[in-house]
Amino acid sequence: MADLTTQFLDLPVKNPVMNAAGVWCSVASQLEALAESAAGAMVTKSCTLQPRDGNPEPRYRVLDGDKPFGSINSMGLPNEGFAYYLRYAQRHDYEEKPLFVSLSGLTLDDNLTMIDSLKDAVTPAILEVNLSCPNVPGKSQIGYDFESMDTLLAEVSSGYQRPFGVKLPPYFDMAHFDEAAEILNRYPLVAFVTCINSIGNALVIDLASETTLIKPKDGFGGLGGDYVLPTALANVNAFYRRCPNKTIIGCGGIKSGREAFMHILAGATLVQIGTSLYEEGPGIFQRVLDELSAIMDEKGYATTEEFRGKLKTL
Ligand SMILES: O=C1NC(=O)NC(C(=O)O)N1
């Protein structure tokens, strides 16, 4: 029988499956549902210093023939504001499972202000800095601006002075994998890297009405689900190869034990579920865990360590 327990940084985790920031984690009732779910860890909605309404509706659509195979979203960082998530972090039961807090400040100063407060709160929450929201009109993704990313990592490292992680956008070019990894490797406090956020600024069209599916940004939004699995696996493996001293969290296209297995094989220690969680709800965690466990039993792996990063090439 597969043993799904694992270690993340120096923390014991009962299993490697969790939510992706932004999905089922914006308000306390959702966070409590995640805390009670089978997920081995959980993360809060990426927050800004002040509460935000986000973009106009419709801003999320699941793309489904007979079964959901993807999503497009342009939420625009709607959230209750940093203080709300800090309050949750201070009442979370860390014996039950680790909690990640995701920050996505609209400015570097906002990020540093939130990080100071998080550090002063002395909470066991794990910091994930979102460098990759594609949906705030007029704001580019820090992960695609290497100079800004370098500056942010320097400032956060010196301000936070504790291990933290970053949520990266997908990259699509070897030179970009190399450059991003070279920057990340300058910062030993960047203990983990979460790959990937949605594939930004996709466009989905409704044929019948000849109209975009979502309203914000003329219909341009972040793509998730089946569409992004190959890109997510590539980013997980690219940073796993290039950042041997960092832990990788895989996100993108996970809807069953199969994709969770692939992400771990590519190098992920934990895996995050977004689109499928949005559609199925927190019951998905036990289903994916059972499926992952069955695949491991079938292949003869007792733990995830035995196959993590062991992707073979031809
Ligand atoms: O980082 C993010 N990625 C997304 O795909 N959507 C949300 C958002 O728009 O709030 N943020």
Side-chain angles (χ1 to χ4, degrees), residues 18-27 30-31 42-63 68 70-82 84-85 100-107 110-111 114 127-145 148-149 152 164-172 192-204 212-229 231-232 235 249-254 272-279:
M18 63 183 287
N19 67 303
V23 185
W24 220 284
C25 57
S26 295
V27 294
Q30 293 174 328
L31 292 166
M42 57 188 275
V43 59
T44 58
K45 165 68 184 172
S46 296
C47 66
T48 47
L49 187 55
Q50 301 305 329
R52 273 176 66 86
D53 293 335
N55 292 341
E57 308 262 4
R59 59 191 188 185
Y60 172 89
R61 278 284 179 273
V62 69
L63 311 168
S71 65
I72 185 167
N73 92 84
S74 183
M75 311 303 280
L77 290 176
N79 74 93
E80 302 295 323
F82 171 69
Y84 182 95
Y85 300 103
F100 292 69
V101 170
S102 174
L103 302 183
S104 190
L106 297 177
T107 64
D110 279 6
N111 270 321
M114 292 189 282
L127 171 59
E128 183 180 88
V129 183
N130 184 351
L131 305 181
S132 43
C133 177
N135 299 323
V136 177
K139 294 211 51 83
S140 62
Q141 297 169 85
I142 298 170
Y144 288 150
D145 176 343
S148 301
M149 183 162 94
L152 178 141
F164 66 100
V166 292
K167 176 77 167 283
L168 294 179
Y171 299 99
F172 302 92
F192 69 94
V193 179
T194 304
C195 301
I196 60 174
N197 207 317
S198 57
I199 294 180
N201 296 300
L203 180 61
V204 180
T212 63
L213 236 52
I214 56 174
K215 183 182 177 87
K217 291 177 56 180
D218 296 328
F220 285 62
L223 207 54
D226 295 7
Y227 290 116
V228 310
L229 178 65
T231 297
N235 278 260
I249 298 181
C251 183
I254 298 171
Q272 299 182 343
I273 304 178
T275 298
S276 295
L277 169 61
Y278 193 112
E279 296 306 314

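Counting starts at 1 for both ligands and their atoms, in listed order.
- Taking the side chain as every heavy atom from C-beta outward, E128 and T194 approach each other to under 4.5 Å.
- When the ring pair (Phe, Tyr, Trp, His ring centres under 6.0 Å) test is applied to Y85, no partner is found at least two apart in sequence or on another chain.
- Looking at S104, S26, S102 one by one, the single match for side chain to side chain donor-acceptor pair (under 3.5 Å) with S46 turns out to be S102.
- In this structure T44 satisfies the side chain to side chain donor-acceptor pair (under 3.5 Å) test with no other residue, sequence neighbours excluded.
- Each of K45, N73, M75, G76, L77, P78, N130, C133, P134, N135, N197, S198 has a non-hydrogen atom positioned under 4.0 Å from some atom of ligand 1.
- In this structure, Y60 has its ring center under 6.0 Å from that of Y278.
- Under the rule for a side chain to side chain contact (heavy atoms under 4.5 Å, CB included), P51 has no partner lying at least two apart in sequence or in another chain.
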